[in-house]
4 protein chains.
Amino acid sequence: VAVTEHLRPEHRAVLVVHNETSTGVRTDVRAVREAIDANRSGALLIVDTVSSLGSMDFRFDDWGVDVALTGSQKGLMLPPGLSFVCASPRAVEVGARGGSPRNFFDWRPILEDNAAGFFPYTPATLGLFGLREALDMLFEEGLDNVFARHHRLAEGVRAAVRAWGLAILCEEPDAYSDSLTAVVMPEGQDANAVIARARDRFDLALGVGLSKLRGSIFRIGHLGALNELEVLATLGGVEMALRECGYPVPAGAGVAAAEGRFVTQDQPAEAGLRR
Amino acid sequence: VAVTEHLRPEHRAVLVVHNETSTGVRTDVRAVREAIDANRSGALLIVDTVSSLGSMDFRFDDWGVDVALTGSQKGLMLPPGLSFVCASPRAVEVGARGGSPRNFFDWRPILEDNAAGFFPYTPATLGLFGLREALDMLFEEGLDNVFARHHRLAEGVRAAVRAWGLAILCEEPDAYSDSLTAVVMPEGQDANAVIARARDRFDLALGVGLSKLRGSIFRIGHLGALNELEVLATLGGVEMALRECGYPVPAGAGVAAAEGRFVTQDQPAEAGLRR
Amino acid sequence: VAVTEHLRPEHRAVLVVHNETSTGVRTDVRAVREAIDANRSGALLIVDTVSSLGSMDFRFDDWGVDVALTGSQKGLMLPPGLSFVCASPRAVEVGARGGSPRNFFDWRPILEDNAAGFFPYTPATLGLFGLREALDMLFEEGLDNVFARHHRLAEGVRAAVRAWGLAILCEEPDAYSDSLTAVVMPEGQDANAVIARARDRFDLALGVGLSKLRGSIFRIGHLGALNELEVLATLGGVEMALRECGYPVPAGAGVAAAEGRFVTQDQPAEAGLRR
Amino acid sequence: VAVTEHLRPEHRAVLVVHNETSTGVRTDVRAVREAIDANRSGALLIVDTVSSLGSMDFRFDDWGVDVALTGSQKGLMLPPGLSFVCASPRAVEVGARGGSPRNFFDWRPILEDNAAGFFPYTPATLGLFGLREALDMLFEEGLDNVFARHHRLAEGVRAAVRAWGLAILCEEPDAYSDSLTAVVMPEGQDANAVIARARDRFDLALGVGLSKLRGSIFRIGHLGALNELEVLATLGGVEMALRECGYPVPAGAGVAAAEGRFVTQDQPAEAGLRR
């Protein structure tokens with residue numbers, strides 16, 4: 001991969017975004033680690049897991065990650081306000097030797113105080129209470145079930161996009177994000193008009209395209225606390241906004257396609273209806 | 001109407017349910033008043049507005065209602081826990097002359113204390129704080145807009161029921177409820193299986209049929225704090241539950257029908273897409 | 001006691017208030033039961049535990065109570081909105097034979113539905129969630145500890161009242177309430193002026209005297225979620241209000257007396273200060 | 001003052017803490033500004049207002065402050081989680097010319113986005129909703145009244161400390177903090193034992209002495225949402241903890257002294273008691 005080509009001996013870290021929020025593309029973090037190792041590089045592997053952690057599988061130890069970062073407001077289902085950093089022993093050791101000045105973003109006083117059950121600054125306590133509850137919810141459902149749920153919901157969204165005759169920005173099915181789908185509008189059509197219509201008419205928040213994707217895509221988030229019916233509501237809102245903007249999507253096409261992914265048993269159930 | 005036939009001179013009150021929660025049938029309260037008056041009866045008109053107030057138009061003074069009752073947990077969008085009674089001067093006067101014993105349900109000590117800004121018992125204060133906010137929300141949207149919204153959402157639900165090939169229990173379109181729709185399953189099919197499936201698979205709460213309707217209908221509530229996308233989610237859940245129970249509803253049929261009621265502008269918008 | 005004197009064979013129930021909220025007097029419920037039994041009366045023993053349950057010891061089974069009633073807003077530490085009734089098998093049986101008409105206040109449909117995990121009407125669900133948490137809190141502290149805490153706090157309040165040179169309305173120490181103390185103002189002085197001053201100047205809510213006690217007493221509540229410092233704050237507010245109303249209470253006298261009840265160790269502690 | 005002595009031409013900023021949280025000493029910010037100006041220095045005046053803003057008067061414009069910083073969790077009465085920075089036009093201009101690298105702590109992208117009603121990162125939205133309410137509360141009471149309230153409460157605390165026979169760490173009455181009082185324990189006595197006792201026995205949180213003051217002082221906070229009775233509760237807890245640790249404070253002495261500051265009318269009120 002690109003890592004192999006570009007990695008130079010003087011590089012000290014490789015920074016990777018696990019799930020690209022602006023495009024809906026997932027990075028194979030393990031493959032990046034293997035590429036680093038294959039290059040006999042000592043570079044640290046630093047991973048942004050902001051829009052993946054808690055919604056998509058991420059394995060800090062197994063994948064040889066050195067530093068992972070995330071926030072409270074996505075897969076952890078909390079209001080924004082907390083950030084998290086997880087560092088490997090090797091990262092801590094490299095950090096201790098590092099020469100650059102640092103202050104608030106220095107993890108050393110935090111690690112030291114944490115060991116005694118304290119925090120060196122005033123922590124955002126409400127967020128910590130919420131975090132305890134959020135983790136209980138995730139572990140009660142079971143992480144494997146959480147990831148399977150997000151995969152199922154994402155499959156529903158992707159089926160809907162295809163039913164609308166639109167393209168998914170991520171061209172590689174292996175790299176599909178299970179927490180976000182970026183949808184490409186046909187050439188010459190304004191994605192931002194769809195986003196504005198969804199917001200004004202149906203109180204539905206879609207993401208805009210960023211920088212050079214501005215106006216050509218819209219983004220559907222499907223991470224965190226979410227179930228099948230909420231996905232159907234979102235898809236219904238998108239297809240109504242598309243229609244109101246003049247894009248010829250057949251009524252209910254996207255919802256119907258997603259339902260096809262969610263209905264697991266399409267024949268007479270024994271406990272069900274007799275016809 | 002029935003009132004004219006059955007009203008006898010000795011009758012002291014006519015009790016009417018404005019919106020029948022178990023069947024989804026709306027009563028023409030004004031016509032009941034007119035029938036009482038045409039009979040030269042002095043009967044009080046007492047109206048249960050539990051599942052209509054705040055979602056469907058109800059006019060205490062214009063319609064000559066003497067006593068109206070409701071609860072906090074439906075159109076007023078609050079948790080259950082408060083009940084409300086509204087009495088006309090004539091009802092208060094008749095009540096004062098009434099001979100039956102009463103205690104907790106006597107409105108006289110409440111009226112007396114209320115006049116001085118008090119309440120004779122310990123009131124459920126949290127509910128009152130919530131009520132203030134709920135009324136602000138209703139008045140901010142405007143009651144006419146609230147009623148129009150519920151009519152539009154109800155029309156969407158009814159369109160979906162027809163698209164599923166099922167019948168609406170209320171046979172008289174003029175009497176359709178805008179806060180609840182009872183759906184009749186075909187002969188020999190178990191509505192309760194659909195309800196159980198919707199709950200177990202999609203976390204969706206549908207109402208059961210009561211007494212002799214048990215097993216033959218299910219009920220979809222669409223009152224209170226509700227918008228288009230929540231209705232689509234509900235309809236998606238119902239049609240998936242129907243399919244999982246073996247009823248042959250075409251994928252997305254109900255949602256598509258409802259969207260047809262919610263999309264107001266199905267042509268190229270000037271600010272929208274150019275094709 | 002009075003029960004022995006007044007009980008007649010035709011009496012079907014004895015109604016007792018466990019803790020008299022208007023006077024701060026505790027009734028010996030077990031003695032009432034013994035008096036009923038000694039009279040060979042079949043009367044049911046019905047007890048109002050509104051301001052005692054959860055703050056003072058109450059033993060439904062041991063004391064032979066037939067029906068007990070309470071509310072959510074006192075010892076159970078919840079907002080007002082729930083009432084509770086507990087009935088003995090004998091009360092249920094007598095109720096089933098009873099001839100008086102009843103409807104909402106009939107416990108039979110509730111008992112029947114409860115057996116299957118349901119409730120015949122729409123329950124105040126938020127209150128039930130709160131109740132679960134409140135009971136967890138009481139049981140975590142331990143009921144004996146809860147009762148000991150309220151006794152200690154009440155002793156502090158009573159010491160303060162004496163330090164102010166005022167009388168406790170309840171003249172019998174054995175009957176002191178541990179959840180409420182009624183304080184008698186000297187002849188000719190207006191208790192309501194003290195109450196108004198406490199409210200207006202210090203945002204402190206004291207209870208007024210009811211009916212013939214109006215103006216001659218004020219009431220200090222000390223039940224539910226309460227600790228030593230909250231009692232000191234209350235007593236400080238009362239003594240400042242008394243002073244502002246011209247009653248010559250020495251500064252801090254009541255608080256000092258209460259502290260004397262709360263400080264358990266008034267000598268150099270081994271882990272404490274060395275002097 | 002010290003500023004005049006130490007300020008050198010090469011100094012580019014003077015950093016001042018308005019209210020020293022570790023000592024309870026207030027800095028005369030205006031005098032610092034005047035000293036800077038008198039020195040013909042162009043140094044920016046940067047002020048930490050963390051434990052003063054919203055509890056003590058602070059005048060950004062009048063006092064010629066260039067940058068002020070605060071947090072949500074003190075005078076603004078919110079949970080911890082928001083920080084605030086206020087910069088003068090001159091500070092913004094100097095910052096734009098500054099050569100040091102900066103990223104997250106750069107105010108330029110924030111100022112730019114704010115102008116359009118946005119924020120460049122995900123803001124802690126719940127904190128912002130709370131802030132709106134907190135500011136409403138402060139402005140409803142009136143800032144002058146808020147400051148007067150904190151001064152009155154602080155005078156009560158200081159009177160209590162003197163009544164205990166203990167010293168206030170801040171020796172200069174003009175520099176007393178109205179949001180925090182640091183109390184000096186007599187030589188040889190352990191302030192941390194008092195703090196531990198207050199916490200364990202009375203659930204009262206006192207502040208420890210920091211660095212070289214560790215063990216010799218404890219700190220009483222009296223800022224933010226606070227009234228007279230809460231101060232009395234705090235003082236009651238402190239004096240009980242002192243007694244339990246063997247320090248000979250007369251019962252109620254501190255509370256009595258504070259009450260003397262809070263009672264405004266110690267004579268018979270016309271509407272009060274007649275004796």
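To find a chain, count down the sequence lines: A is the first, B the second, and so on, and within it residues start at 1. For the numbers below, each heavy atom of this structure counts, side chains included, while hydrogens, waters and symmetry mates do not.
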Side-chain donor or acceptor of D:Glu244 paired with backbone N/O of C:Val263 under 3.5 Å: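 Answer holds: no.
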Short side-chain to backbone donor-acceptor contact, C:Glu259 and D:Met240, under 3.5 Å: no
Nearest-0.5 Å distance that lies between atom CG in C:Leu232 and atom CD in D:Glu230: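 Separation between the atoms: 13.5 Å.
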Contacts under 3.5 angstrom, residues 155-168 of chain C side chains, donor-acceptor by atom type, not counting sequence neighbours:
unit_1, atom_1, unit_2, atom_2, d
C:Glu155, OE1, C:Arg261, NH1, 3.1
C:Glu155, OE2, C:Arg158, NE, 3.3
C:Glu155, OE2, C:Arg158, NH2, 2.8
C:Arg158, NH1, C:Ser177, O, 2.8
C:Arg158, NH1, C:Asp178, OD1, 3.4
C:Arg158, NH2, C:Asp178, OD1, 3.1
C:Arg162, NH2, C:Tyr176, OH, 3.4
C:Trp164, NE1, C:Glu239, OE1, 2.8

Verdict with supporting geometry, C:Asp203 and D:Leu229, side chain to side chain contact (heavy atoms under 4.5 Å, CB included): CA-CA 9 Å; C:Asp203 210 10; D:Leu229 300 199; over 6 Å; no
Closest approach of C:Ala256 to D:Ala251 (non-hydrogen atoms, all atoms of both residues): CB-O, 3.3 Å
Part of D:Glu228 lying under 4.5 Å from any heavy atom of chain C: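 Side chain only.
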